[in-house]
Number of protein chains: 4
Amino acid sequence: MENKPNKFDKILNSAIKIIGQKGFHGAKVKDIANDAGVADGTIYNYFNNKEDILITIFKVKLEEYVNMAKEEIIGIDNPEEKLRTLVKYHFKVMTETPYLANVLQIELRQPMKELRVKVRKHLKNYFKLIEKVIEEGKEKGFFNKELDVYLAREIYFGTLDEIVSTWIFKGGQWNLLETSDKLVPIFLKAFK
Amino acid sequence: MENKPNKFDKILNSAIKIIGQKGFHGAKVKDIANDAGVADGTIYNYFNNKEDILITIFKVKLEEYVNMAKEEIIGIDNPEEKLRTLVKYHFKVMTETPYLANVLQIELRQPMKELRVKVRKHLKNYFKLIEKVIEEGKEKGFFNKELDVYLAREIYFGTLDEIVSTWIFKGGQWNLLETSDKLVPIFLKAFK
Amino acid sequence: MENKPNKFDKILNSAIKIIGQKGFHGAKVKDIANDAGVADGTIYNYFNNKEDILITIFKVKLEEYVNMAKEEIIGIDNPEEKLRTLVKYHFKVMTETPYLANVLQIELRQPMKELRVKVRKHLKNYFKLIEKVIEEGKEKGFFNKELDVYLAREIYFGTLDEIVSTWIFKGGQWNLLETSDKLVPIFLKAFK
Amino acid sequence: MENKPNKFDKILNSAIKIIGQKGFHGAKVKDIANDAGVADGTIYNYFNNKEDILITIFKVKLEEYVNMAKEEIIGIDNPEEKLRTLVKYHFKVMTETPYLANVLQIELRQPMKELRVKVRKHLKNYFKLIEKVIEEGKEKGFFNKELDVYLAREIYFGTLDEIVSTWIFKGGQWNLLETSDKLVPIFLKAFK
DNA sequence: AATGAATGAGCGTTCATTCAT
DNA sequence: CATGAATGAACGCTCATTCAT
């Protein structure tokens, strides 16, 4: 139970690093294997093929992310405060794991349709979490009763996505946490 | 005076179609040539290489887009009305030219860094247009004097981008114009 | 009778320049046409194909060379003096027309067998000229009666060829005429 | 310990054969792979690229040649005898490995300058060997004290090169060893 | 499980040649 | 004769995947 997980994790982390640096197409299986310190062929003992690696990154890391995000808001009652916490957490993770941020931001828009479907599937739980918070905000009277939850989630996620994209694009030159201080009040107004 | 532009346009439109369907990597030069009804080599009379095709799509089509968008708001005084018009125009174009929408939405996040830089460069004028409208809204008292224009533009663009992404992802099953009717009031509230 | 020869010569000289710089394979028909100030297609009004250009260079330039070389020794009786003159003339031409020297030195060893046959054919008259001088030297008692004329010609031509090759290879850093002053006495001893 | 050298040698020998027949440009990587009984891609496990194959031929085969040539003269004291042995050995190798002879004779004059430099580099040790023998001949009083060693080497190599070129060109119709019996005395006279 | 040599389909690009104008 | 846009066959090289050891 220890050898395999170790190697699996090693490969997965190397994949995040290499794909984050070079993109899915630019990342060669050999590069990932080298970085992980295993032979090319070994990768195929843990993953079906190259696509499977990417999909697994999304599956594992987004699940991790959602679980952590849920823990972050576990003691919070106020839906507005929950939202603020989620935004901060999003920016924090992106700042602290830049390779992963690159992968999530960029590979989410997979040009290969079938791959895109598989990849976006794992966002669903993240979307659900956000939608639940917004729903709760509506129920508790913080947000507008007429607010379309799905649209609000698109505003939420699209905005965060764009902010991180720009931030990555500009080389991560500023502190995203300060951005969240300006962003959250606007969200709250928007959803009122 | 007619042949050359015709062939250039033919190739460009075929490229939009094929790249829109299969993504930049999935689109083979041969596919584009076949679709345009020219020989492979002919493409290289009009473009330096495959990358150049993608960059040219962004250059030409975004310039066209921005020029048309500017015309759309030419007679309008009210900044809120301008914003509403721009949102509608965005959704209209995406609806009417789905292949182009695909290219713009997906290839904007090029994993190849150098290519991404070149591609995003041509968004600048679109960003400027939005920022100008928001700025004007602040000056005329429609929007909050404290509003960060760049952040507002990221909300605007990120949201539209995400909405269109989801819409494409779901196969374009609903009318984006109805979405705009719900979205614009939220933007206006957010920017107040 | 004037237009055509003009253009023919222009193309031929451009071909010598470009092939001399880049080699036969490296020289593109377009490069030659550009340098000659004509359209690509025009070349095919004067030459059957690219190979024909190279063959024509050898034909025209070697004929010119042999005719000039013959004139150089026209008033000379002494076969040793003739040999000295031919060596000097060889080095002089190679020094004064470096592009041509490049072509003759390098493209003579055409890897394409059929082309090589056609190219070397035009050396024949040059070989004959040398052989005649050596023959004459034997008859007049300057050279050894037992000397194999063909072998002597191979020594003569092979040596000059190698000297020029080395000289080109080293970037033409020294004066070939000085080399001839050292070389000729050795030839005379060898053929005695 | 046996597979890898085998495959490397197989590819190298096939390359000599194919390049010897068709020239460097005419030899397709696929041809070489087919002849060696390996897949195209396998070649790139042993060589960086096509150029590298040619350079390696020169490196390996000329090193082999020089080592063997050195052994040939190992027990010989007399520099004239050494020279005779080297000439015979040169012709013997060219006769026995005609493909290699083709490659060495023809590809030495690479039109591609950078490649030519790399290729000729590996001749240096052969040149040094000849020069050493000539130098020794001068010191021991067999050759003229005034003889320019580099020029003598150019005569030696240029002549052998031209003789083999002509011989290859004419289809190898006669015995080169007989030529050496006539050539060596001329060399000895020339260097006196 | 692990290895890494071997595979071979696949692709972007070049360029000699043609031919309608 | 001159043009130069169009052609399309051809090739070096890559790299995900396999499989004998």
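Just so we're on the same page: letters track the sequence lines, and every chain starts at 1.
- Judged purely by atom type and a 3.5 angstrom limit, Lys59(D) has no side-chain atom pairing as donor or acceptor with the backbone of Lys121(D).
- Nucleotide dA10(F) holds its C1' atom 13 Å from the NE2 atom of His25(D), rounded to whole Å.
- In terms of position along DNA chain E, the nucleotide closest to Ala39(D) lies nearer the 5' end than the nucleotide closest to the other residue of the pair Ala39(D) and Asp40(C).
- Taking atom CG of residue Asp31(D) and atom C1' of nucleotide dA10(F), one finds them 12 Å apart after rounding to whole Å.
- Atom C1' of nucleotide dT14(F) and atom NZ of Lys30(D) are separated by 13 Å, given to the nearest angstrom.
- Counting any heavy atom pair closer than 4.0 Å across all strands shown, Ala33(B) reaches no nucleic acid atom.
- The nearest heavy atom of DNA chain F to Gly41(B) and to Asn49(D) marks one nucleotide each, and the one closer to the 5' end goes with Gly41(B).
- Atoms CG (Asn48(A)) and C1' (dA16(F)) sit 14 Å apart, rounded to a whole Å.
- Rounded to whole Å, atom C1' of dC15(E) lies 8 Å from atom NZ of Lys50(C).
- Across the protein-nucleic acid pair, Asn45(A) atom CG and dA2(E) atom P stand 6 Å apart, rounded to whole Å.
- Residue Ile18(C) forms a side chain to side chain contact (heavy atoms under 4.5 Å, CB included) with just one option from Asp35(C), Asn34(C), Ile53(C), Val103(C), and that option is Asp35(C).
- When each of Thr42(C) and Lys28(B) is assigned the nucleotide of DNA chain E with its nearest heavy atom, Lys28(B) is the one assigned upstream, toward the 5' end.
- Side-chain proximity of Tyr44(C) to dT14(F), dT17(F), dT17(E): nearest is dT17(E).
- Listed nucleotides: dA1(E), dC1(F), dT13(E). Nearest to the side chain of Tyr46(A): dA1(E).
- Partner assigned to dT13(E) is dA10(F), using Watson-Crick or G-U wobble distances below 3.5 angstrom.
- The separation between Phe24(A) atom CZ and dA16(F) atom P is 8 Å, rounded to whole Å.
- Nucleotide dA1(E) forms a pair with no other nucleotide shown, judged by Watson-Crick or G-U wobble geometry with both contacts under 3.5 Å.
- The phosphate of dA6(E) has OP1 or OP2 within less than 4.0 Å of a side-chain N or O from Lys7(D).
- Per the geometry, CG belonging to Asp52(C) stands 14 Å off P belonging to dA16(E), to the nearest Å.
- In this structure, Lys50(D) places its NZ atom where more than 12 heavy-atom neighbours from other residues, nucleotides or ligands lie under 6.0 Å away.
- Remark: side-chain polar atoms of Lys113(A) are not paired, donor with acceptor, to backbone N or O of Gln110(A) under 3.5 angstrom.
- Residues Ile11(B) and Phe47(B) come closest through the heavy atom pair CG2-CE1, 3.5 Å.
- The partner of dA20(E), taking Watson-Crick or G-U wobble pairs whose two distances both stay under 3.5 Å, is dT3(F).
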